Number of protein chains: 2
Amino acid sequence: MTDETRYQLLRRLATNPDTNQRQLAAELGISLGKLNYCLQALISKGWVKAGNFSRSSNKKGYAYLLTPSGIEAKARLTIAFLHRKMAEYEQLHQEIETLRQEVHALQQKPAEGPQ
Amino acid sequence: MTDETRYQLLRRLATNPDTNQRQLAAELGISLGKLNYCLQALISKGWVKAGNFSRSSNKKGYAYLLTPSGIEAKARLTIAFLHRKMAEYEQLHQEIETLRQEVHALQQKPAEGPQ
DNA sequence: GCGTGACGGTTCAGCGGATGAACAATACGC
DNA sequence: GCGTATTGTTCATCCGCTGAACCGTCACGC
C-alpha cells in the first residue's frame, strides 16, 4: 500500500467518518478489496477505530473514527506530503521546460513534414 | 505499457540509437523484459527500425533508429506530453495549496499535542 | 579453421499486488 | 419470525512486471 493511499484515506476519514467501504473505495479510485486491506492496516496501527454506532439514519456498518494517534499521524503525513509534493512540483517544472524546448526545436525545423 | 514509457523510449533512441537493451532498461528504470516488449511494440508500429550495423567499436547487437514516422510520432507525443504535464502541474499546485492550508490549520490549534 | 569467452537479444516461469464476485453478518420492515 | 437490503470480509483470479536462463553471434587466440 502506498503512502498516498494511506494519507488520502486518513484525510477522508477525518472529515467523513461515516462512509461505507464501497464508497470510500470509489472516491479514492481503488478496489473494494484494497480499501478493506488498507483500512485494516490503519486499524491495526491504532490510527483508526471502527465504532459500530452512528451512521446517521442507517444503523448498519461502522463509523471509522481517527484515534488521537491517528490524528497525530495524519498531521505528520500531511507535512511530509507537502514537502514531497513541492519537490514533485519543482521536478515537473523542469520537465516542462525541457518539453517546451523540444517543441520549440520542432517548430524551428519542420523540414520533414508529410510529402 | 504506458505512454510515458513509450515517449521516454523514443526520446532516448532519438539521441542514442546505439545503446543496448540492458542499459536502456536501466536508464528508464524498467526491467529488461519490459523494455524488450516496448521496443518490439515500437518496431511493429514502424516507428523504430533495428539496423544490425554500427555500434561504434563493437559490432554486436542492433542500433535502434527512429523511422520517419517514428520521428513524427515522437513530435506528436512530445506536444501531447507538454500539455499533459502542464495540467498535472496545475493540479499539483492546487494540491499543495490545500496541503498548506491543512498545515496552517494544524499550527493554529496544536491543542492535542503529546502530553 | 576451431574453440572459447563475452556480450546482446529473447523468452517465460514465477511473483505480487489489485480486482471484484461471492459470501457472511447485521439491521430493518413486515 | 421471515425476506430483503446493506455492508464488511474473503479469496480465486487476473495481469503486468521481473530477471534468470537461454540462445545466437562476434572477437580473439590458437
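What you are looking at is a predicted structure, and each value in this text was computed from that prediction instead of being measured.
Going from atom OH of Tyr37(A) over to atom P of dG16(C) covers 12 Å, rounded to whole Å. Atoms NZ (Lys34(B)) and P (dT11(C)) sit 18 Å apart, rounded to a whole Å. Counting to the nearest Å, the P atom of dT10(C) and the CG atom of Leu24(B) are 12 Å from each other. The interatomic distance linking Leu35(A) (CG) with dG17(C) (P) rounds to 17 Å, in whole Å. Gln40(B) has its CD atom 7 Å from the P atom of dT11(C), to the nearest Å. One interatomic measurement links the two molecules: CG of Leu32(A) to P of dA21(C), which rounds to 10 Å at whole-angstrom precision. Between Asn36(B) atom CG and dC22(D) atom P the separation is 18 Å, expressed in whole Å. Atom CD1 of Ile43(B) and atom C1' of dG9(C) are 10 Å apart (whole Å).
Taking for each of Arg22(A) and Thr2(A) the nucleotide of DNA chain C with the nearest heavy atom, the 5'-most of the two is the partner of Thr2(A).
Judged by distance alone, the side chains of Gln101(A) and Glu97(A) never bring a donor and an acceptor atom under 3.5 Å apart. A side-chain donor-acceptor contact under 3.5 Å links Gln21(A) and Tyr64(A).
Side-chain atoms of Tyr62(A) lie closest to dG8(D) of the nucleotides dA21(D), dC17(D), dG8(D). Nearest to the side chain of Gln21(B), among dG9(C), dA18(C), dC17(D), sits dG9(C). The side chain of Asn20(A) lies closest to dG8(D), out of dT19(C), dG8(D), dG8(C).
Note on Glu4(A) versus Arg84(A): no salt bridge recorded, every NZ/NE/NH1/NH2 to OD/OE distance being 4.0 Å or above.
You'll find the side chain of Trp47(B) stays beyond 4.5 Å of the side chain of Leu66(B), heavy atoms only.
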